[in-house]
K.L.:
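Got a structure here, written out as C-alpha cells. Questions coming.
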Amino acid sequence: MRRRRPLILFFLPGLVLYLAVFVYPTLSGLYYSFTDWDGLSPSHRFVGLDNYLRLAEHIVFQKALVNNLKFMAAVVFCQTILSLVLALYLQRSTHVNAALRSLYFIPAILSSVSVGFIWTFIYDPSFGMLNNLLESAGLSSWSRNWLGDAGIAIYAVAGVQAWAHIGQMVILFVAGLQAIPADLLESAKLDGGTRWQVFRHVTWPLLAPAAALVVSYTTIQSFKAFDLVFTMTGGGPNYSTEILSTFIYGTAFSSFKFGFAAAASCVFLLLIAVITFLQFKALRTERVTY
Amino acid sequence: MKSSIRYIFLTIVMVVTVMLTSACSSGNGSTTGTGEQPTTPASGNGGAVKKVTVNFLHWRGEDQEVFGRLISQFEEANPGIQIETQVFPSDQYQASAQAKLLDGSSGDVFAAFPGAQFEALVRAGLYTDLSGEAFLSAYNPSLIEAGQKDGRQLAVPYQLVYNMPIYNVKLFEEQDIEVPKDWDGFLAAAEKLKQAGIIPIAFPGADIGPGQFMNVMVMNNAPDPDIFVKLEAGETKLTDAWWVKTLAQFKELNDKGYFQPDALGTKDQGAGALFVQDKAAMLATGSYQLAQHKKNNPELEQKLLAPITVPANEMIYEGIHTTTFLLGVNSQSKHPEEAKKWLAFLSSPEAAGAYANATGQNVTVNGVEYETEELKAVAEWSTRKTRFQPRFTMKNAEVQKAVTGSIQAVLAGQTPEQAAADAQAIVNQEIGK
C-alpha cells in the first residue's frame with residue numbers, strides 16, 4: 001500500500017480535474033433541471049418535473065429535435081459513405097495517397113467558426129461561389145437559396161459538417177483497412193471473388209468495428225454541431241435549422257431560463273447515449289476469424 | 001526519508017499543476033490593463049500606494065482605440081484609479097459577461113443590451129442605483145429611459161441609434177424620388193427604382209434584417225408603445241390586425257420584388273455590399289452602419305428614412321430610435337465610487353464627443369459636437385417624432401424570435417395569417433397561455 005501511494009498521487013490531479021470540470025457540472029446541470037433558475041439570480045425555486053413536462057410539448061424544442069435528427073441522418077449518411085469510398089481509394093500507402101489524405105484532413109483542423117464563415121460566403125445567393133459555379137456550368141436551374149430556403153437549409157449545413165470532418169473519418173477507415181491481412185484479400189481474389197464480393201464478404205466484416213466507431217463518432221459530432229449552425233444560420237430562417245444545441249444556448253443565454261435549458265441538456269445527453277447505444281448494437285459484429 | 005522527499009516533490013508537482021490549470025482557465029475575453037498593483041506616486045514621498053483598478057466590461061472591440069485614449073485622459077486626471085477593459089464579442093457577450101458579473105471580480109462598470117438582458121440583470125440585482133447622480137444631468141432625459149426600472153435609473157444608455165433604412169441620396173435624386181410620406185408613396189418609389197434596374201431595398205433576411213426592419217414597419221400599424229408588452233401579457237395577439245397587416249406588407253414588398261432575390265439567404269455583409277456598391281437604393285438596417293459604409297465608399301451620400309405604412313394623415317411616428325450600450329455600475333463592485341467616477345467622465349460632452357466622432361456612433365449625451373456629415377445627418381433626427389425600438393420592449397427573447405420568425409415565414413411563402421398563427425402558438429407557450 002505504501003508503495004502504491006505515490007502512484008495514486010500521479011492520477012489525483014487528473015481525477016480532481018475530471019470531478020471539477022465534468023462530474024460536478026453534470027450533476028449541477030441535473031440539479032438545476034428541476035429548478036426555475038434564471039442563471040443570474042442568487043435564488044431559485046424547485047419545480048420538480050415541470051421543465052421536463054414543458055419540454056414534451058414545447059413547439060420549438062420539437063422542431064429542434066426533428067431538425068437535429070434530419071441533420072444527424074444527413075451527416076452520418078454522407079460522411080460515412082464518402083469517407084469509406086475515399087478510404088478505399090486511398091488505402092495504399094503511396095506518396096500521392098498520403099498527400100491526398102492530408103489534404104482531405106485540412107478542414108478538420110480549421111475552427112468550425114471559420115468553416116461556417118467560409119461556407120456562408122460560398123452559399124450566398126447573390127455573391128456566392130456555388131451558385132456562380134453552377135451557372136457557369138450551365139446548371140443554373142440547380143442554383144438555390146441554400147441557407148435561406150427553409151426546406152433545404154438544414155441539409156446545406158449538414159453538407160458543410162460532412163465536408164469538414166470527412167478527412168478525419170478517412171483516416172479511421174484507412175487504419176481499419178490497413179489492419180486487414182493482405183493474404184485474406186488475396187486468397188479471396190484467387191478464389192474468384194469479384195471486387196464487390198471481396199468487399200462485401202471479407203473487407204466489410206473486418207471493417208465493421210471501424211465503421212461502428214465512425215458512425216457513433218459522427219453521430220455525436222452532429223449533435224454537437226453548435227458553432228457551425230450558430231455561425232451559418234443562427235437556427236433560421238424561422239427555426240428551420242434550429243437544433244438542440246442552439247435551442248439550449250438560446251434558452252439559457254438569451255431567454256435566461258437556465259433551469260429549462262438544463263432539462264433540455266439532460267434530455268439531449270440521454271438522446272445521444274440512446275442513439276449511440278443503438279448504433280453500436282446495430283453495427284456490432286461477431287468476432288470474425290478465418 | 002527518501003519516501004518523504006518523494007511525497008513532498010509529488011505534492012509540489014500536483015499543486016503547481018492545479019495552479020497552472022486554473023491560471024489557464026481564467027478569462028477568455030480580451031483584457032487590457034493589469035490588476036490591482038502597487039505603484040509609486042510621481043511626486044513620491046517614499047511609500048508605494050495601491051491603485052484602485054476599475055474593470056470595464058463591454059462588447060465593443062471596435063471602440064478599443066478611442067476607449068484607450070479616454071482611459072489615458074481619465075487616469076491622468078485620477079491618478080489613483082486605473083481602468084482595465086475586458087471585451088467580449090457581442091455574440092458571446094450574453095453568455096460570458098453575466099458569469100463575470102456575478103462574483104463582482106469583473107465589470108465594476110459594465111455594458112448591457114436593452115430589453116431581455118437588462119431585465120435579467122435587474123432581476124439578479126446587479127445594478128447600483130444611479131438615481132440622483134450629478135452626471136445624469138449631462139444626458140437627454142428622454143434618451144436614458146431604457147436604463148430605468150421602477151423609477152430608478154439603473155444604467156445610462158450611451159449610444160443613440162436609429163433603426164431605420166439607410167438610403168442612397170444620389171440614387172434617389174437621379175431617379176427624381178422624394179422621401180415617401182405614406183405607404184403608396186413608398187411602393188411607388190420602390191417600383192420606380194426597380195424599373196430603373198436598381199434593387200429598391202437590400203434586406204439582410206438571414207440575420208439582422210427582420211429584427212431591424214420590423215420596427216419601422218410596425219410603428220404606425222400599432223402605434224401603442226406598449227404593444228409588445230401587451231403581447232407578452234396576453235392582452236393582444238400576433239393574429240390581430242396590426243401584426244397580420246405588418247406581415248402582409250412585408251409579403252407585398254417581397255412578392256413585388258422590392259427586396260433583392262433570395263433575401264432570406266442574404267446576411268448583413270451581403271446586403272451591405274449591395275448598398276455600398278450602389279446596386280441597392282435602401283438598406284434595411286440602421287444608422288450604426290453609416291460610418292462603415294462611408295469608409296467602404298467615400299462617395300456615398302447616405303440619409304435615413306422610414307416607410308410609413310399608413311396614409312400620411314394617420315402617421316404618428318416618423319422613425320425608430322434605440323438607446324443602447326447601457327452602462328451600469330455593478331452592485332457587487334468593491335470600488336463603486338471609482339466606477340461612478342469613470343461613468344461620470346464618459347458622460348462629459350468632451351469625452352462623449354470624442355467617442356462619437358471616433359466611432360461614428362451618435363450618443364445620448366447633450367451638447368456633443370459631431371464632426372462628420374453622417375453623424376450630423378443622424379443628429380437631425382433627435383428633433384423628429386421617433387419611437388423606442390419596439391423589438392426591445394419584448395422582454396422574452398423567445399417571443400422576439402417568434403415575431404421575427406413570422407417575418408421570415410411570410411418571405412418564404414407562408415400566408416400572413418398562418419405565419420402569425422404559428423408565431424402566436426409559440427408566444428402562448430412562452431407566456432403560459
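Please read all numbers here as calculations on a predicted model, not as lab measurements. Per chain, numbering begins at 1; letters A, B, ... match sequence-line order. FYI, side chains are in, hydrogens and waters are out, and symmetry mates aren't considered; it's all heavy atoms of this structure.
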K.L.:
Below 4.5 Å from any heavy atom of chain A, which atoms of Lys395(B) appear? Answer side chain, backbone, both or neither.
P.N.:
neither
K.L.:
To the closest 0.5 Å, what do you measure between CZ (Arg123(B)) and CG (Asp38(A))?
P.N.:
5.5 Å
K.L.:
Tell me, for Leu274(B) versus chain A, whether the close heavy atoms (under 4.5 Å) come from the side chain, the backbone, both or neither.
P.N.:
both
K.L.:
Within residues 137-145 of chain A, which positions have a heavy-atom distance to chain B below 4.5 Å?
P.N.:
Asn145(A)
K.L.:
Which atoms of Ala271(B) are under 4.5 Å from chain A, going by heavy atoms: the side chain, the backbone, both sets, or neither?
P.N.:
neither
K.L.:
Check Ser255(A) against Asn396(B) and note the closest heavy-atom contact, atom names and distance.
P.N.:
OG-OD1, 4.2 Å
K.L.:
What part of Ser406(B) lies closer than 4.5 angstrom to a heavy atom of chain A: side chain, backbone, both or neither?
P.N.:
backbone
K.L.:
Supply the atom-to-atom distance His58(A) NE2 to Glu398(B) CD, rounded to the nearest 0.5 angstrom.
P.N.:
6.0 Å
K.L.:
Show the nearest heavy-atom pair for residues Thr233(A) and Lys267(B), with the distance to one decimal.
P.N.:
N-NZ, 4.3 Å
K.L.:
Determine the minimum heavy-atom distance between Lys401(B) and Tyr239(A), stating which atoms define it.
P.N.:
C-OH, 3.5 Å
K.L.:
Return the CD to CG distance between Gln269(B) and Asp124(A), rounded to the nearest 0.5 Å.
P.N.:
9.0 Å
K.L.:
Given a strict heavy-atom distance threshold of 4.5 Å, which part of Ala412(B) is in contact with chain A: side chain, backbone, both, or neither?
P.N.:
neither
K.L.:
Does a sphere of radius 6.0 Å around NZ in Lys224(A) hold more than 12 heavy atoms from other residues, nucleotides or ligands, not counting ones at 6.0 Å or beyond?
P.N.:
no
K.L.:
Which pair of non-hydrogen atoms, one from Lys279(B) and one from Phe127(A), has the smallest distance, and what is that distance?
P.N.:
NZ-CE2, 4.3 Å
K.L.:
How long is the span from the OG atom in Ser240(A) to the CG atom in Leu264(B), to the nearest 0.5 Å?
P.N.:
9.0 Å
K.L.:
Phe61(A) versus chain B, heavy atoms under 4.5 Å apart: side chain, backbone, both or neither?
P.N.:
neither
K.L.:
So, Gln429(B) side chain and Ile59(A) main chain: donor-acceptor pair closer than 3.5 Å or not?
P.N.:
yes
K.L.:
Among Ala263(B), Ala419(B), Ala402(B), Gly413(B), which has the most heavy-atom pairs under 4.5 Å with chain A?
P.N.:
Ala402(B)
K.L.:
Based on non-hydrogen pairs under 4.5 Å, which of Ala423(B), Ala409(B), Gly205(B) is most in contact with chain A?
P.N.:
Ala409(B)
K.L.:
So, do Thr266(B) and Pro125(A) sit near enough that their side-chain heavy atoms are less than 4.5 Å apart?
P.N.:
yes
K.L.:
Measure distances from Leu101(B) to the heavy atoms of chain A and classify the residue's part below 4.5 Å as side chain, backbone, both or neither.
P.N.:
neither
K.L.:
So how far is it from Asp422(B) CG to Lys63(A) NZ, rounded to the nearest 0.5 Å?
P.N.:
6.0 Å
